[in-house]
Asks: 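Okay, here's the structure, questions in a sec.
Below, read A as the first sequence line, B as the second, and so on, with proteins coming before strands; counting in each chain starts at 1.
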Amino acid sequence: ILTPSSIRPAPLLTATPVRTLVDEQACIKASFLPSNHPVTVCARMRSDEGDLWQSFAHYNTNSRGTFDLNSDLSVGGSYSGCEPMGLFWSMQPAPGERDGLRLRKKCVESPYTVHISLLEGHVSPNQEPVKELAAVTAERWYMAPGVKRQEIRQNGLVGTLFIPPGPGPFPAMLDMWGMGGGLPEYRSSLFASRGYASFCLAYVGHKDLPGPPNTINVRDSYFQAAFQFLQDHSHIAADKVGIVGLSYGCYLTFHTATLAGVKPACLIGINGPVGSSREILRSLLSLKHILCILQILMKPLVLMQLEEITCPLMYIVGEDDLSVLSIENADLETLRAAGKSHLFTRLSYPGAGHLIEPPYSPMSRATFIFFSCSVMTVWGGHPAPHAAAQEDAWKKMLEFMELNLRR
Amino acid sequence: MSLSVQQVRMDNKHPTVKLSVHPSRALMDEAFVILVQNVPPGSQVTLHALHRCEDGHRWEACAHYVADSSGNINAADDCSVGGSYFGVEPMGLLWSLKPVPGSKPGLRMRKKNVQTPMVVTISVFKGHHTEAFMDQVPLASWVVERWYMAPGVRRIPITEQQLTGTLFLPPGPGPFPGLLDLWGGGGQLMEYRSALLASHGIASLALDYLTSKITTETGKMVDNQYFETAYRVLQQHPQVLGSRIAMLGLSLGTVFTLKMAVYSPVVKLRCAVCISGSHIQPVSGGPQQMMDLFSRNFEKISFSEQDEVIWRGLLLPIPSDPSLKVDVGRLQCPLLLVVGEDDQNWCSHESATDMKQMMERAGNDQLLTLLSYPETGHLIEPPYTPHTPSSMFRGAGVGQKMRVLWGGKTPEHSAAQEDSWRKIVTFLRRNLYGGSDPHAIHLSHL
C-alpha cells in the first residue's frame, strides 16, 4: 500500500542515457517504490504526422522496491518476458488513431520524444482512472551530432546525402527502399551516425522525379549516375562504396551492381527478389495476399543470378514475409561451383516480416501504402521475433560493412 | 600550411580509421567511451578535444596513445603517455580542457545557457603532437553533446516575492524533493548545477542572493529572510514535497546554508551539502554583515608568486567566540561537507575540522559526512568540468576584477569532482527519496 504522497516523494523513474540514437539501448529502471508491488510502465510518443503510438508492460518490484527492464520480466502488456527495449519496439498506434499506420521518421534532424510513465498497479494505460506515479522523457535520434545532411538535386538525381563528421574520406552506401516511393532518410542518417556516408535515392513516387508518380520513369543510367556521384564525391573513398536495398530496392541493389562502371565493394539486400525471372513470375501468379497495384506496374524484371556476384553480398530475409517479392533462388551449389560461396552471407529470421527496419522500430503487420492506393498490404511478422531480427540484422549489417568497407 | 582533403586522400589509401564516442549525447555527469579502430598496430596517435565556449573562447586538450596489436585504442582502458593528462583517464579529454595558447588570461568555463548543450569535437591525429592542431588534418573526428538538462526538465524563472532565481522541475507529476542551490561570492544566477540535479529527480531552485533584481535596483543587499522566502516558495510549490527539502551551497553559499540549517525557524532541512565553505560568520547577520567581515579582515589577504590573490586567510584563525561561527552542534539534519585540502580561497579544510570537533563535542557527529580531498582546490564543480586553478574574478559589489587563486592540481582536483558529485547525488537521493525517519539517514560509510 502506498503511503500518502504528502509523506513520501514520488518514486524515481530513470532512462539511461536519456538521449540515444535509435539503434542504441536505453536502460529503464525505477526505485523508491514499495516492495513486491505491481506497476505498469507505459511509453508514448507522437509520429511526425501527429499520430500517437504507445506501449505498456506490467512489472513487479522486488524486495528492495526497484525494477530494471534489463533484468526483470514483463508479466503482461505489449510484450512479455525480459525485453530491455520492449517498450520501444512494441509500440502500436493508440486506440482511436488511424488504421494502417506505419512509423517512419520524416524529419531525421529532430528526435522522437518518448514519454515513459510509471503507473500504479497492472493496468492498461487507456483504462480510466490511471494513476501516474512518475515519468521520464527520452529522446531517440536518427542523426548523431555533427552529421551533415545535404539534399541532392543534381544531374537528375533525387536523394539526400548524409556525411559523418570529420575530414573523410569516408566509405559510403547507396541506400534504396521499396516501391512505397518517396525518400525515407532514416537508415542513411543512421549509417552516417556510424561513420559511413550514405546516399538515400528516390526512384519512384517523388515530386522531383520526372513522369507520373506511380511508375518508375528512370532508367539504368539513373542508378549508374547515383553510384558515380558517390565515387566522385570529394569526401568519399571511391573504392569503398556499397549498395543496400529493401524490397524492390533489393532488386535494384543487385541490378545496379551489374551495370557498366559500377563496382560496389559490397551489397546488402533485404527481403527482395533474387533469382531468375522465371521464379519471380511464378510467385507473382501465386499471391498469398492482396498485392498492391504498384507492384503490378513494375518494369519487367531481369534479375541477376546470384552466381554473377563479384563482391561480398549479404542477403537478409524475414521468413514470415507475406508480401510477395521475398523469394530467393540462392543456389549454393551453383555458387560453390563458381567459387563464389565465400562471398555470400544469408541471414534468415523466423517470425520476421517484410519491413526489417533499424532496431527497436515498431513493426506494422499491415499498412496502407502510397498516395493513390487504398489497398492494405500485409507485410507479415510477429512483434517479438521481428524485433529480435531487426536488432540482429542491423548489428550484422554494420559488421559486414565494417569488414568490407573499412579493412 | 594545411593539407587539402585531396592530399589526405592520397596519403590515406584506405578510409579505415574509425573514431566513435559513445554516447554522443550525454548529460554533463555521464561518462563516455572513446574508441579508435583500424590504425596501424603499435602506431602513435593523439586524441584531441576542442570546444568553443559561449564567450567564444576555444578550449582544447590532447593525449598521446599507442595503438595495440589490433590497431585499437580505448581511452577508458588504455594509458595516455603524454599531453594534457597521463594514465588511464576515460574522461581526461574533458576535464583537462584548457584555453588554447594566446587566449585571454584567467578564463573560467561556466555555461550560462543550460538549454543548449556543450559541443565538443573529438579528433584523432597521426603521431604525438601537443600543438598546432588547427594546422593539421585529423585521421577522423566525432562530435559530442554534453547536456545540463535532461529532456522533459522544466525551467521556471522565479521572480515572485522579490526573489531572483530559476526553478528546475524534473519531468513527471511529482511530488519531488526540493533543493535550494547557492553559489558563491561572484553572484549572478548560475543555473547549471540545478539543471543537472533536476535531471536526477530533484526539484532544484538556483538562487541569486547577491546580484538579485532587488539588490541591483536598490543597491541594498538582501537579508536572511530572502533565503526563508525562497525556502517557502519551494515548499509551497504544488509539485514539491515540502517535508523533503535540502540546501546545497558552495563557498559563500555554505555560510547561509549552515545559518539556515541551524538557526532559521522557517527552514527545516532534510539534509544539507556544503562545498568549500565555512561555518565562520557573524551568526546574527546576513549577506551585508558577511561582506563587512571580509572588508574588516582585508589585511589578511596574501599573494602567490604570480600575484594571484589568496583569500584563504580572511576568516582565520577559527574563532572561539560563539557569535562568530554557526553552532553546528545544534544541527539536526545530516550534513555532507566537501572540502579541497589545497583550497586557496576559503579556509574550508580548517573549518571542516573545527565543525567536526564541535559536532563530536555536542554528540551529533553521526550526522556528519566529511569528504576531504588532497591537492584539490576551491571550485569543486560537477564532474568533468575543466579545472580552474586561478581566474579573473569580481566579487559581487566589488569594483574591479582580480586574478584569484583557487588552488588544486588538475588530475587530483578532477578526480575529486567526479568522486564528490557521485557521493553528493547518492547522499541527496538517500536522504530525500529514501527512508521515513527524517533524522536517521546519513552516510557514514561513504
Asks: Hey, does the side chain of A/Arg140 reach the backbone of A/Val22 with a donor-acceptor pair shorter than 3.5 angstrom?
Replies: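 Between the backbone of A/Val22 and the side chain of A/Arg140 there is a qualifying donor-acceptor contact (under 3.5 Å).
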Asks: Heavy-atom distances under 4.5 Å only: say whether A/Pro111 touches chain B with side chain, backbone, both or neither.
Replies: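 Interface part for A/Pro111: neither.
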Asks: Does any heavy atom of chain A fall under 4.5 Å from the side chain of B/Ala150, the backbone, both, or neither of them?
Replies: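 Contact with chain A involves both backbone and side-chain atoms of B/Ala150.
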Asks: Is a side-chain donor-acceptor pair under 3.5 Å present for B/Ser204 with B/Asp181?
Replies: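 No donor-acceptor contact under 3.5 Å links the two side chains.
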Asks: So which part of A/Glu132 gets closer than 4.5 Å to some heavy atom of chain B, the side chain, the backbone, both or neither?
Replies: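 Looking at A/Glu132, backbone and side chain both touch chain B.
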Asks: Which bit of A/Leu21 comes within less than 4.5 Å of chain B, counting heavy atoms only: side chain, backbone, both or neither?
Replies: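 Contact with chain B involves the side chain of A/Leu21 alone.
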Asks: Counting heavy-atom pairs under 4.5 Å to chain B, which of A/Pro145, A/Pro165, A/Ala15 comes out on top?
Replies: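 The option with the most such pairs is A/Pro145.
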Asks: Shorter than 4.5 Å, heavy atoms on both sides: which option in B/Pro173, B/Pro177, B/Ser199 has the most such pairs with chain A?
Replies: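 Sorted descending by pairs with chain A, the first entry is B/Pro173.
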Asks: Looking at A/Val18, A/Leu118, A/Thr14, A/Leu12, which one has more heavy-atom pairs under 4.5 Å with chain B than the rest?
Replies: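 Of A/Val18, A/Leu118, A/Thr14, A/Leu12, A/Leu12 has the most heavy-atom pairs under 4.5 Å with chain B.
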Asks: Under 4.5 Å from any heavy atom of chain A, what part of B/Leu19 do you find: side chain, backbone, both or neither?
Replies: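 Nothing of B/Leu19, per the 4.5 Å heavy-atom cut-off to chain A.
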Asks: With ring centroids as reference points, do A/Phe191 and A/Trp394 lie under 6.0 angstrom apart?
Replies: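 Between A/Phe191 and A/Trp394, the centre distance is under 6.0 Å.
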Asks: Pick one of side chain, backbone, both or neither for B/Glu145, based on which atoms fall under 4.5 Å of a heavy atom in chain A.
Replies: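 Its backbone and side chain both get close to chain A.
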Asks: What verdict does the salt bridge (charged side-chain N to carboxylate O under 4.0 Å, His left out) test give for A/Lys395 and A/Glu391, after you've listed the backbone C-alpha separation in whole Å, the side-chain angles of each residue and the deciding distance to 0.1 Å?
Replies: CA-CA 6 Å; A/Lys395 181 165 154 293; A/Glu391 199 179 337; over 6 Å; no
Asks: Got a sec: does the CZ of A/Arg149 have more than 12 other heavy atoms crowding it under 6.0 Å?
Replies: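 Correct, the count exceeds 12.
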Asks: Under 4.5 Å heavy-atom distance to chain A, tell me which part of B/His22 shows up: side chain, backbone, both or neither.
Replies: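 Contact with chain A: side chain only.
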Asks: State whether the number of non-hydrogen atoms from other residues, nucleotides or ligands found under 6.0 Å of A/Lys263 atom NZ is greater than 12.
Replies: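 Count not over threshold, so no.
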Asks: In this structure, are over 12 heavy atoms from other groups packed under 6.0 Å from A/Lys29 atom NZ?
Replies: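 No, NZ of A/Lys29 has 12 or fewer neighbouring heavy atoms, counting only those of other groups under 6.0 Å.
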Asks: Just so I understand: if I count every heavy-atom pair under 4.5 Å between each of B/His200, B/Arg429, B/Glu30 and chain A, which residue has the most?
Replies: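 Ranked by heavy-atom pairs under 4.5 Å with chain A, first place is B/Arg429.
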Asks: Keeping the roles fixed (side chain from A/Gln54, backbone from A/Arg44), state whether a donor-acceptor pair exists under 3.5 Å.
Replies: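 Between the backbone of A/Arg44 and the side chain of A/Gln54 there is no qualifying donor-acceptor contact (under 3.5 Å).
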Asks: Which atoms of A/Thr20 are under 4.5 Å from chain B, going by heavy atoms: the side chain, the backbone, both sets, or neither?
Replies: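 For A/Thr20, there is no contact with chain B at all, as no heavy atom is under 4.5 Å.
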Asks: Taking the ring of A/Phe170 and the ring of A/Tyr196, is the distance between their centroids below 6.0 Å?
Replies: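 Between A/Tyr196 and A/Phe170, the centre distance exceeds or equals 6.0 Å.
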Asks: So for B/Ser24, is it side chain, backbone, both, or neither that comes closer than 4.5 Å to the heavy atoms of chain A?
Replies: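 Both the backbone and the side chain of B/Ser24 come within 4.5 Å of chain A.
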